[in-house]
Engineer: 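Have a look at the structure that comes next, please.
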Amino acid sequence: MNRRYLFRTLAALGAMTTLAASAHAADAYPSKPIKILVPYAAGGVVDVQTRAMTQTMSEVLKAPIVVEPKPGASGSIAAEAASLAAPDGYTLIVSASFMNTAPLLENNLRWSPKQFTPVGRFALSPSYFVVPATSPARTVKEFVEMAKKSAKTLRYANGGNGTPQQISNELFAHEAGIHLDPVMYKGAPPSVPDLINGLVAMTVLPSSVAHPQVHGGKLRALANMSSTRSPQLPDVPTIAEAGYPGATVLSWYGLHAPAGTPPEVIHILEAAMRQACATAEVKQRLTAAGGEEAFLGTKDFSAFLAKDAEQWARAVKVISK
């Protein structure tokens with residue numbers, strides 16, 4: 001037998017064996033529990049919204065899904081752990097804006113977005129420009145005028161440097177042409193008492209934190225920082241409608257898998273997410289957790305991520321000047 005022909009035959013057989021093994025793995029997936037790392041604290045908005053979606057996703061896949069909070073370093077602790085996991089579909093990470101902001105703000109990241117493959121987006125979570133209910137400002141422009149006329153620099157609540165909350169506040173201040181002094185807190189919720197009492201003049205809060213206080217009359221929402229109004233607070237204008245389109249930001253949550261995860265497995269996960277997010281039960285759970293169901297499949301999610309990266313790069317560049 002011709003040696004070259006023999007090599008070609010063996011290579012073809014090897015390729016067929018690999019394809020068969022891949023197909024078999026996809027057919028068998030999932031055959032054990034799936035672990036999803038959440039880069040934020042247990043009981044927080046991201047953790048609650050993740051569980052709202054994955055409970056039904058688990059039923060679709062007919063496999064347990066274990067949600068494991070792994071907070072710290074603005075998402076990087078969970079991201080590093082997930083980047084080191086086997087690319088077999090059994091370890092995923094809840095992705096959010098930190099995927100695009102961390103590389104812009106940290107020089108020594110031990111992970112990279114290139115180490116992940118997008119699966120799908122499952123929710124949007126509006127953030128709100130809020131002030132104390134006792135504040136004289138009833139619109140964003142009134143707040144800006146108040147800041148410009150104030151004898152002292154007004155203060156805002158900063159839930160952590162490099163977080164979307166901090167970037168949103170600084171971006172707004174830049175767009176409005178005002179200066180605001182940050183007061184540091186360990187996350188958004190701990191800042192609420194001081195905000196209610198007027199010790200800080202404003203901040204941007206995630207919907208899950210803002211809604212109870214706004215509905216309870218303790219805080220006033222002047223703007224929704226997203227590009228569209230939320231059905232949960234439909235009377236609150238967007239920041240663009242309030243006159244500052246350059247301050248628009250979007251908070252979202254999705255799932256990523258380690259790079260190299262077989263496409264067949266990604267497709268199975270995407271289909272399960274799609275089916276779960278289409279149910280009325282998941283939509284209701286996400287709304288109750290302060291989010292809005294907003295499913296995007298793998299292809300559309302990838303396109304969305306590219307645009308989101310451009311938006312955050314512009315924001316970081318603006319506030320770094």
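Hydrogens, waters and symmetry mates are skipped; everything else that's a heavy atom, side chains included, is used. Every value quoted in this text rests on a predicted model; they were computed, and no experiment measured them.
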Engineer: Which word best sums up how the rings of Y128 and H211 line up, parallel for under 30°, tilted for 30 to 60°, or perpendicular for over 60°?
Structural biologist: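 The arrangement is tilted - the two ring planes meet at 30° to 60°.
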Engineer: According to salt bridge (Lys or Arg N to Asp or Glu O under 4.0 Å), does anything in residues 98-111 pair up with another residue at least two apart or in another chain? List the pairs.
Structural biologist: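 Residue pairs passing salt bridge (Lys or Arg N to Asp or Glu O under 4.0 Å), neighbours aside: E80-R110.
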Engineer: State the CD1-CD1 distance between I34 and I65, to the nearest 0.5 angstrom.
Structural biologist: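 Output value for this atom pair is 5.0 Å.
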Engineer: If you measure only the distance, is there a donor-acceptor pair under 3.5 Å linking the side chains of S191 and Y156?
Structural biologist: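 No, no side-chain donor-acceptor contact under 3.5 Å.
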Engineer: According to the side-chain hydrogen bond (donor to acceptor under 3.5 Å, both in side chains) rule, which pairs have a member within residues 129-155, sequence neighbours left out?
Structural biologist: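 Counting only pairs at least two positions apart or across chains, no side-chain hydrogen bond (donor to acceptor under 3.5 Å, both in side chains) contact touches residues 129-155.
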Engineer: Q115: what forms a side-chain contact (heavy atoms from CB on, under 4.5 Å) with it, not counting sequence neighbours?
Structural biologist: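 So Q115 forms a side-chain contact (heavy atoms from CB on, under 4.5 Å) with S83, W111, S112.
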Engineer: Any side-chain heavy atom of P164 within less than 4.5 Å of one from F98?
Structural biologist: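 With C-beta onward as the side chain, the pair stays apart.
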Engineer: Taking the six-membered ring for Trp, are Y29 and H267 ring centroids under 6.0 Å apart?
Structural biologist: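 For Y29 and H267, the ring centres are not under 6.0 Å apart.
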Engineer: Looking at E310 and R314, is there a salt bridge between them, counting it only when a charged N and a carboxylate O are closer than 4.0 Å?
Structural biologist: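 Salt bridge flag = no for E310 with R314.
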Engineer: Working to the nearest 0.5 angstrom, can you tell me the gap between F304 CZ and L250 CG?
Structural biologist: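 Here the rounded value is 5.0 Å.
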Engineer: Between T287 and Q232, is there a side-chain donor-acceptor contact under 3.5 Å, judged purely by atom types and distance?
Structural biologist: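 Distance-only check fails for Q232 and T287.
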Engineer: Going by salt bridge (charged side-chain N to carboxylate O under 4.0 Å, His left out), name the residues that satisfy it together with E170, two or more places apart in sequence or in a different chain.
Structural biologist: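 So E170 forms no salt bridge (charged side-chain N to carboxylate O under 4.0 Å, His left out) with any residue.
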Engineer: Do I77 and P71 touch side chain to side chain, with heavy atoms closer than 4.5 Å?
Structural biologist: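 I77 vs P71: side chains apart.
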Engineer: State, to 0.1 Å, how close F301 and P118 come at their nearest heavy-atom pair, and which atoms those are.
Structural biologist: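 It is CD2-CB, 3.6 Å.
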Engineer: Does anything in residues 226-245 pair up under salt bridge (Lys or Arg N to Asp or Glu O under 4.0 Å), and if so which pairs, sequence neighbours excluded?
Structural biologist: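 Sorted pair list: R229-E241.
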Engineer: Among R274, K283, R121, which residue meets the salt bridge (charged side-chain N to carboxylate O under 4.0 Å, His left out) test with E293?
Structural biologist: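 The residue from R274, K283, R121 that satisfies salt bridge (charged side-chain N to carboxylate O under 4.0 Å, His left out) with E293 turns out to be K283.
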Engineer: For A176, what residues pass the side-chain contact (heavy atoms from CB on, under 4.5 Å) criterion, not counting sequence neighbours?
Structural biologist: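 Testing A176 for side-chain contact (heavy atoms from CB on, under 4.5 Å), a comparison that skips the adjacent residues, returns V144, F172, I178, Y244.
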Engineer: Is the backbone of Q55 close enough, under 3.5 Å, to the side chain of S58 for a donor and an acceptor to pair up by distance?
Structural biologist: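 Side chain of S58 to backbone of Q55, a donor-acceptor pair under 3.5 Å: no, none is there.
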Engineer: Which residue is it: T203, N158, D194? I am looking for the one with a side chain to side chain donor-acceptor pair (under 3.5 Å) to Y185.
Structural biologist: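 Running side chain to side chain donor-acceptor pair (under 3.5 Å) over T203, N158, D194 with Y185 returns exactly one hit, D194.
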Engineer: Can you establish whether the number of heavy atoms outside Q275 located under 6.0 Å from its atom CD is more than 12?
Structural biologist: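 12 or below, so no.
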Engineer: Are there over 12 heavy-atom neighbours, none belonging to K218, within less than 6.0 Å of that residue's NZ?
Structural biologist: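 Result for NZ/K218: open.
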Engineer: A side-chain contact here means heavy atoms from C-beta on lying under 4.5 Å apart; do S125 and V45 qualify?
Structural biologist: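 Heavy-atom side-chain distance check passes, below 4.5 Å.
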Engineer: Checking the side chain of Q165 only, and the main-chain atoms of V204 only, is there a donor and an acceptor separated by less than 3.5 Å?
Structural biologist: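 Yes, the answer is positive, given that a donor and an acceptor are paired below the 3.5 Å cut-off.
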